[in-house]
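Written below as C-alpha cells is the structure these notes are about.
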Amino acid sequence: MSSGVAVSDECKNYFEEIKKAKKHRYVVFYIKEEKSIVVESVGGRDAKYEDFLNDLQKGGDVECRYGLYDFEYEHQCQGTTESSKKQKLFLMSWCPDSAKIKKKMLYSSSFDALKKSLVGVHKYIQATDLSEASEESVEKQLRSTDRV
C-alpha cells in the first residue's frame, strides 16, 4: 500500500552524491506536511555514527524519520590474513514506539516509495528503539550479507 507521499528530487540528489561521489556520510529525511519526503539534515564524510543517531532523533521521541547511511567496516575474507574495507549503504526507518499510530502508519506506508527511489541500497532496516538502531546491531545485519 502506498501512501501517496512523493519523494523530493533533493532526496534523490543527495542519495546520488553519497552513492557515487561519496560527498556525505549520511542524510536524514522526514515527511513534510504528509505530502513529500524531504531532506532534514546531512552529515559530512567525517561524521560519526553517533551524529547520525542524534540527527535521527532530533525531532524527539514522538517523531519518525528515515536515515540513509554509508557504513564502513573492516572485512576479512576466509583464508586470507588481510582485511579489506567494505562500504554499504543502508536505509533506516526510525519509528519509536512512543510515536503516534497515525505517524507510524504514514512512515511505514511511505517507506516503499523511498526504497523505490533510492536504487542501490544494500539493506533496509526498521528500528523502533536505540538497541535496533545501534552501530553494533546495524553492523551485524550488514555483515550477514557478506560472502565468507
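More than 12 heavy atoms of other residues, nucleotides or ligands shown are found within 6.0 angstrom of NZ on K22.
Atom CD1 of I31 sits about 12.0 Å away from atom CD of E33, to the nearest 0.5 Å. Rounding to the nearest 0.5 Å places CG of L91 at 6.0 Å from CG of L118. Once rounded to the nearest 0.5 Å, the distance linking OG of S137 with CG of D129 reads 9.0 Å. The SG atom of C95 sits 11.0 Å away from atom CD of E132, with the distance rounded to the nearest 0.5 Å.
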**Message:** If you apply the rule side chain to side chain contact (heavy atoms under 4.5 Å, CB included), what do you find for E74 with K86, and how did you get there?
**Reply:** CA-CA 6 Å; E74 295 286 322; K86 281 228 171 190; over 6 Å; no
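Residues forming a ring pair (Phe, Tyr, Trp, His ring centres under 6.0 Å) with Y30 (at least two apart in sequence, or on another chain): none. Looking at residues two or more places apart in sequence or on another chain, you find a side chain to side chain contact (heavy atoms under 4.5 Å, CB included) between N54 and E50. Shown here are the ring pair (Phe, Tyr, Trp, His ring centres under 6.0 Å) partners of Y107, two or more places apart in sequence or in another chain: Y66.
Residues K58 and D55 are paired through a salt bridge, judged by an N-O separation under 4.0 Å between the basic side chain and the carboxylate. A salt bridge links R45 and E72; the closest N-O separation between the charged side-chain nitrogens and carboxylate oxygens is under 4.0 Å.
The only option from R143, Q141, E136 that meets the side-chain contact (heavy atoms from CB on, under 4.5 Å) definition with E139 turns out to be R143.
K32 and S8 form no side-chain donor-acceptor contact under 3.5 Å, judged by distance and modelled atom types alone.
The backbone N or O of Q57 sits nowhere less than 3.5 Å from a side-chain atom of R65 that would complete a donor-acceptor pair. Checked by atom type and distance alone, the side chain of K19 pairs as donor or acceptor with a backbone atom of V119 at under 3.5 Å.
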Quick one: side chains of residues 98-106, donor-acceptor pairs under 3.5 Å with protein atoms, not counting sequence neighbours, listed by atom name and distance.
{"unit_1": "S98", "atom_1": "OG", "unit_2": "D61", "atom_2": "O", "d": "2.2"}
{"unit_1": "K103", "atom_1": "NZ", "unit_2": "E63", "atom_2": "OE1", "d": "3.0"}
{"unit_1": "K103", "atom_1": "NZ", "unit_2": "E63", "atom_2": "OE2", "d": "3.3"}
{"unit_1": "K104", "atom_1": "NZ", "unit_2": "D97", "atom_2": "O", "d": "3.1"}

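No side-chain heavy atom of V7 sits less than 4.5 Å from a side-chain heavy atom of F29. In this structure the side chain of L68 never reaches within 4.5 angstrom of the side chain of H24, judged on heavy atoms.
Pairs of residues two or more places apart, or lying in two chains, never qualify as side-chain hydrogen bond (donor to acceptor under 3.5 Å, both in side chains) while including a residue from residues 113-127.
The nearest pair of heavy atoms linking C11 to I37 is SG-O, 3.1 Å.
Taking Ile, Leu, Val, Met, Phe, Trp and Tyr as members and joining any whose side-chain heavy atoms lie under 4.5 Å apart, directly or through other members, the hydrophobic cluster of V28 also contains Y26, Y49, F52, L53, L56, Y69, F71, Y73, F90, M92, W94, I125, L130, V138, L142.
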